[in-house]
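Letters A, B, ... are given to chains in the order of the sequence lines, protein chains preceding strands, and every chain is numbered from 1.
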Amino acid sequence: MKKKFISLCLAGALVLTGSFVSAKTLRLAMDADPVSLDPLVQLSGGMLQYSHIVFDPLVRWSSTMEFEPRLATSWERIDPLTLRMHLRKGVKFHSGNDFTAKDVAWTIDRLKKSQDFKGLFESFTAAEIIDDYTVDIKTSVPYGLTMNMCTYIFPMDSKFYTGKDEKGQPKDAIIKTDYSFANVNESGTGPFQVIEREQGQRWLLKAFPGYWDKNHGNIDEIVLTPISENATRVAALLAGDVDFIMPVPPQDFDRIDSDKKIDLITMPGTRIITLQLNGKRCPPLANPKVRLAIDYAINNPGIVQKIMKNRATVAGQNSPKGYAGYNPALTPRYDVNKAKELMKEAGYEKGFTATMIAPNNRYVNDEKISQAIVAMLSKIGIKINLKTMPKAQYWDEFDNQVADIQLIGWHSDTEDSANFFEYLYLCPDKETGKGQYNSGNYCNPKVDELTLASNSETDLTKRAKMLQEVEQILYDDAAFTPLHWQMLSWAASTKLSNAKDIVNVMNFPYFGDLNME
Amino acid sequence: MFAFIIRRITQAIFVMLVISVIGFAIKQSVGDPVREITGISVSVAERDALRDKLGLNDPFPVQWFRFVKGALHGDLGNSFKYKRPAVQVILSKAPATLELVLTTSILVVLLSIPIGIYAAIHSKSWWARLAMGGSIIGVSIPVFLTAILLIYVFAVWLQWLPSFGRGELVEIFPGWKSGFFTWSGLAHLFLPTISLTSIMLPLFIRLIRAEMTETLQTEYVKYARARGLKENRILYVHAFKNTLLPVITVGGVQLGTLIAFTILTETVFQWGGMGSMFIKAVEDADTSLMVAYLVFVGLIFVVVNTVVDVIYGYVNPMIRTGGGK
């Protein structure tokens, strides 16, 4: 009886694997599970990935970091405060409603109400509707990043989200911890519609028949499974139970690379991993020579080679190549002898003791990197007491500045250098929120001045010069210790013929463009 | 008798209160839920306002009393991540866990009884030694490893069985989606059940073997043999009946261990049950869901145990006179 049962089960498994072949179903496994159907409820990687599947932005980044028209077909600057957008005609929402300028204006209003997005859209004012397919996007001050921000405007169906639901709640309410209409219903213009969603387990998305972009990919259906366990996600791909996974844990790169039926896709990322040195808590760290010595003592090429297995880019500054502020002159520093000399000059030949904290499940190999740093700094006499903790506990400790050296990784939400400076290096100010993650308490008025000026500079060449100057100052002051930019990784079955063309440095794969053989 | 019941219920209520206090104490140290539900660039003031709104700034006793008050009305709070009442979330995940526990229990019973009896009767045979040796290995490999190993052998290498998830489900009645009625559902059930069984089976084989060996030496078995009863009847009817009593007692207690091990098994197999939900809740600092799970599982155990105690009291008056006046 039991034997029969087993063989029946095995037969069942075979039938199962066979039945998937006919329909063009993309079986997708990601580590994140988008928390809601409302794109404005939380600003996170997972939610933006979702937004690119179910909604369309006005413009999006191309793989070469240029603006690619989506719902906006063309745009022009009318004056320093106004950007005119010409919208695509004949676009339909999933509900069947037509997409017009009204939806853009409505979405910008809603963005300004969203807790997570209102900071990014601070300088935006209400958009002006010129006609059904023309809209003026307005800012209160001249703003150099208006176009960058348009990549975050995913027009929502204003008709669909207006009014009250059965519970008497306004349909456009943005609610983080309870039911809202928008949390469980969607109407975007995107390539896929949500058919079923069992949170934490399974999403079923179907291609939207009325999608405007006729040149898009050929996927009929996406079955999305959030798998947070690294080993399970990789095994599922190797077993052929899923077609696309993101991210790939670095320890499995070689194994996936060697599989003929799977393509490993990697790309230098833009998330910088850094150390912040708090001179306020630990006086020696306020000494510029000591800060420089620490920079020289840390073997960041070694970390990239040995711990990251070359799946990261050694950094000497915040801005990765391609960003406006990237300054080619700023190369990574590593020279232990020089570091020892600097310590001597600073009068700390015998070294000192400092504390350090780092997360252990937030960035790739964060714990191992921190341990390596402890060993490297001991070579120049700095004894570090390291404490690592899960991310859920880390940020409160980080904010309270409980240690002298704190590790932080930062990805610029605007894909622009100024974002690094605003959050990490401006003089901390609780009132304005500037320097919110500057736990090193680094403060240089020149940096503040240049960064703020760059935001209102609409001449992009001038602006880039200012940002590069800021990078130079931070480098010379050793304002922080740069380690590396994390690499992004995906892996796809070779059935997906253009998988490597749909991924990008923001880690928002454009699944709407994907083709399956 | 009435006094006994009252006493047991009072104890149960006390236990539930202790569980909720412990849950709350853990909650304070798991992390900050507000961090997890806001983007990193959200300002400190915004975050504080949200924390205030959710009542997370209130002192520990205030939060606890509010929770207990809600719990008495069947409201264990809202899950921050699921944006729904925590009880609803738990109930929607419970069938997956129960199905896994059920198949594991059946498999354990079906395998442990014959193997245990065989090992007791033929204690010197090679098969018995193999079973005993194997059970040592089974119990000493962590379930996490067993699971990964099974996935690599049967899903990645041989590609016979699916590597994760529950497969196709059928809704048998509202709120209960079952994997028992499709081939895909059964195939998906296979590996998780085996990993979970690998933990429980060795214990029961050894228990049954030990009890059976002991029973076989009692006077009444010898008497039965002397009377010339058939060997099979002696073994499977008379001896086995008495072996079963302690096994059932231990089995009841082990049900709790089984549920605890589902946490790991479900996580590895991306099995959409309460166990993997709990791990995610801890990781994402979804503290309200975490506390609700602890209280919910605690409640099941307390209720089951209280009912069993009360029944025992009826059946065996010695128990209730134990503490009576």
Check: Which of the residues B:I151, B:D32, B:I40 is involved in the greatest number of heavy-atom pairs with chain A at under 4.5 angstrom?
Finding: B:I40
Checklist line | ring pair (Phe, Tyr, Trp, His ring centres under 6.0 Å) between A:Y437 and A:W410, worked out | finding: CA-CA 10 Å; A:Y437 288 90; A:W410 196 263; 5.1 Å; yes
Checklist line | OG1-CG distance between B:T193 and B:L189, expressed to the nearest 0.5 angstrom | finding: 3.5 Å
Item checked: Heavy-atom proximity to chain B below 4.5 Å, by part of A:E198 -> side chain
Check: Side-chain donor-acceptor pair under 3.5 Å between B:E99 and B:W176, yes or no?
Finding: yes
Margin query: Need one label for A:Q115: side chain, backbone, both or neither, based on atoms under 4.5 Å from any heavy atom in chain B.
Written below: both
Margin query: Between B:D58 and B:R66 (salt bridge meaning N to carboxylate O under 4.0 Å), is one present in this structure?
Written below: yes
Note to self: If I measure from the heavy atoms of chain B, does A:K430 come under 4.5 Å with its side chain, its backbone, both, or neither?
What the structure shows: neither
Item checked: Modelled atom types, side-chain donor and acceptor of B:S79 and B:D286, under 3.5 Å -> yes
Next item on the list: Heavy-atom pairs under 4.5 Å with chain B are the metric here; pick the option from A:D178, A:L43, A:L238 that has the most.
Entry: A:D178
Next item on the list: Give the member of B:K93, B:M277, B:R166 that has the highest number of heavy-atom pairs under 4.5 Å with chain A.
Entry: B:K93
Item checked: Partner chain A: residue of B:I279, B:N78, B:L50, B:L54 with the largest heavy-atom pair count (under 4.5 Å) -> B:N78
Check: If we ignore angles and hydrogens, is there a donor and acceptor under 3.5 Å between the side chains of A:N455 and A:E422?
Finding: yes
Next item on the list: Please determine, among B:K280, B:E283, B:K53, the option with the most heavy-atom pairs under 4.5 Å with chain A.
Entry: B:K280
Margin query: Can you tell me which portion of A:L237 sits under 4.5 Å from chain B's heavy atoms? Options are side chain, backbone, both or neither.
Written below: neither
Check: For A:Q199, is it the side chain, the backbone, both or neither that has a heavy atom under 4.5 Å from a heavy atom of chain B?
Finding: both
Check: Just checking, any donor-acceptor pair under 3.5 angstrom between side chains of A:Y394 and A:D366?
Finding: no
Check: Will you find, in the side chains of A:E229 and B:T267, an N or O donor that is under 3.5 Å from an N or O acceptor?
Finding: no
Note to self: Which atoms of A:S228 are under 4.5 Å from chain B, going by heavy atoms: the side chain, the backbone, both sets, or neither?
What the structure shows: both
